[in-house]
**Student:** 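Here it is, the structure, as structure tokens.
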Amino acid sequence: MSSEDKEAQEDELLALASIYDEDEFKRAESAQGGETRICLELPQDFKIFVRGDSTENLQSSGFEYSVCFLPPLVLNFELPPDYPSTSPPVFTLSGKWLSQAQLSALCKHLDNVWEENQGCVVLFAWMQFLKEETLNYLNISSPYELKMCPQGKGQSRTPVGPLEAGKDCGGATGS
């Protein structure tokens, strides 16, 4: 690890810790990395439409609700010794309300941001993109449809296409 990389990593992690509160950003104790919980900025009067099995109301095929927030996106990251000079952060991205294809698209965009800024720290840019641009990037508008699973069955999401070698997008991972 070069002293420049080590200093850049330390400066970036300290800056993120000063910008975000502990609910949003947690630095890993044992490694150069951490976790951030990103709450999206929703437009006013954003609605979700929930479709699926409803034993309570069999005549209705769905319900529409106004929401003020959605569950956060969770970005876990680890900084390799040669970040930011050579290697990008290793990361996983998860979001309970997004499909596998949507998570993969976001991961690919984060990879592209790294490619465009290689040699520079990128975590803040990633976090701002996820917070401010996820809905537009994924063409999500109100009302956003969520599909519920029948009770007692877990939800499984499968990728739309083949995953790139070395990328496990189970929660969606980038490298």
**Student:** Do you know the tightest heavy-atom contact between G119 and W114?
**Tutor:** N-CH2, 3.7 Å
**Student:** With sequence neighbours excluded, what pairs up with S85 under the side chain to side chain donor-acceptor pair (under 3.5 Å) test?
**Tutor:** D5
**Student:** Are L130 and L135 in one and the same hydrophobic cluster, where Ile, Leu, Val, Met, Phe, Trp and Tyr link if side-chain heavy atoms are under 4.5 Å apart?
**Tutor:** yes
**Student:** How long is the span from the OG1 atom in T134 to the CG atom in L106, to the nearest 0.5 Å?
**Tutor:** 5.0 Å
**Student:** Sequence neighbours left out, what passes side-chain contact (heavy atoms from CB on, under 4.5 Å) with T86? Give chain and number order.
**Tutor:** D82
**Student:** Report the distance from atom CD1 of I48 to atom CD1 of I140, rounding to the nearest 0.5 Å.
**Tutor:** 12.0 Å
**Student:** Nearest 0.5 Å, please: how far is SG in C107 from CD in Q102?
**Tutor:** 12.0 Å
**Student:** Report, one line per pair, each donor and acceptor closer than 3.5 Å where one atom sits in a side chain of residues 12-20; sequence neighbours left out.
**Tutor:**
from : atom 1 : to   : atom 2 : distance (Å)
E12  : OE1    : Y83  : OH     : 2.8
E12  : OE2    : Y83  : OH     : 3.2
E12  : OE2    : V122 : N      : 3.4
E12  : OE2    : L123 : N      : 2.9
S18  : OG     : A15  : O      : 2.8
Y20  : OH     : Q128 : OE1    : 3.0

**Student:** Can you name the closest pair of heavy atoms from A125 and V113 and give their distance?
**Tutor:** CB-CG1, 4.4 Å
**Student:** Tell me every residue that passes side-chain contact (heavy atoms from CB on, under 4.5 Å) with D45, counting only those two or more places apart in sequence or in another chain.
**Tutor:** K47, S66
**Student:** Could K108 and E115 be called an ion pair, given the rule that one side-chain N must be under 4.0 Å from one carboxylate O?
**Tutor:** no
**Student:** Measure the CD-CD1 distance between E132 and I38 for me, rounded to the nearest 0.5 Å.
**Tutor:** 11.0 Å
**Student:** Using side-chain heavy atoms (C-beta onward) and a distance below 4.5 Å, is L75 in contact with F25?
**Tutor:** no
**Student:** Give, for atom CG of N76 and atom OG1 of T36, the distance between the pair rounded to the nearest 0.5 Å.
**Tutor:** 9.5 Å
**Student:** Can you list the residues that meet the salt bridge (Lys or Arg N to Asp or Glu O under 4.0 Å) rule with K131, with sequence neighbours excluded?
**Tutor:** none
**Student:** Would a hydrophobic clustering, with Ile, Leu, Val, Met, Phe, Trp and Tyr connected at side-chain separations under 4.5 Å, put W126 with L40?
**Tutor:** yes
**Student:** Are F46 and F63 connected in a single hydrophobic cluster, I mean Ile/Leu/Val/Met/Phe/Trp/Tyr linked by side-chain heavy atoms less than 4.5 Å apart?
**Tutor:** yes
**Student:** Do P84 and C120 come within less than 4.5 Å of each other through their side chains, counting heavy atoms only?
**Tutor:** no
**Student:** With sequence neighbours excluded, what pairs up with E35 under the salt bridge (Lys or Arg N to Asp or Glu O under 4.0 Å) test?
**Tutor:** R37
**Student:** Restricting to salt bridge (Lys or Arg N to Asp or Glu O under 4.0 Å), what partner residues turn up for E64, sequence neighbours left out?
**Tutor:** none
**Student:** If you round to the nearest 0.5 Å, how far is CD of Q9 from OG of S2?
**Tutor:** 8.5 Å
**Student:** Under the ring-ring contact (aromatic ring centres under 6.0 Å, His included) test, which residues partner Y137, sequence neighbours left out?
**Tutor:** H109, F129
**Student:** Name all residues meeting the ring-ring contact (aromatic ring centres under 6.0 Å, His included) criterion together with Y144; count only those two or more places apart in sequence or in a different chain, and write none if there are none.
**Tutor:** W97
**Student:** Could you pull out all residues at least two apart from D21 that satisfy salt bridge (Lys or Arg N to Asp or Glu O under 4.0 Å)?
**Tutor:** none
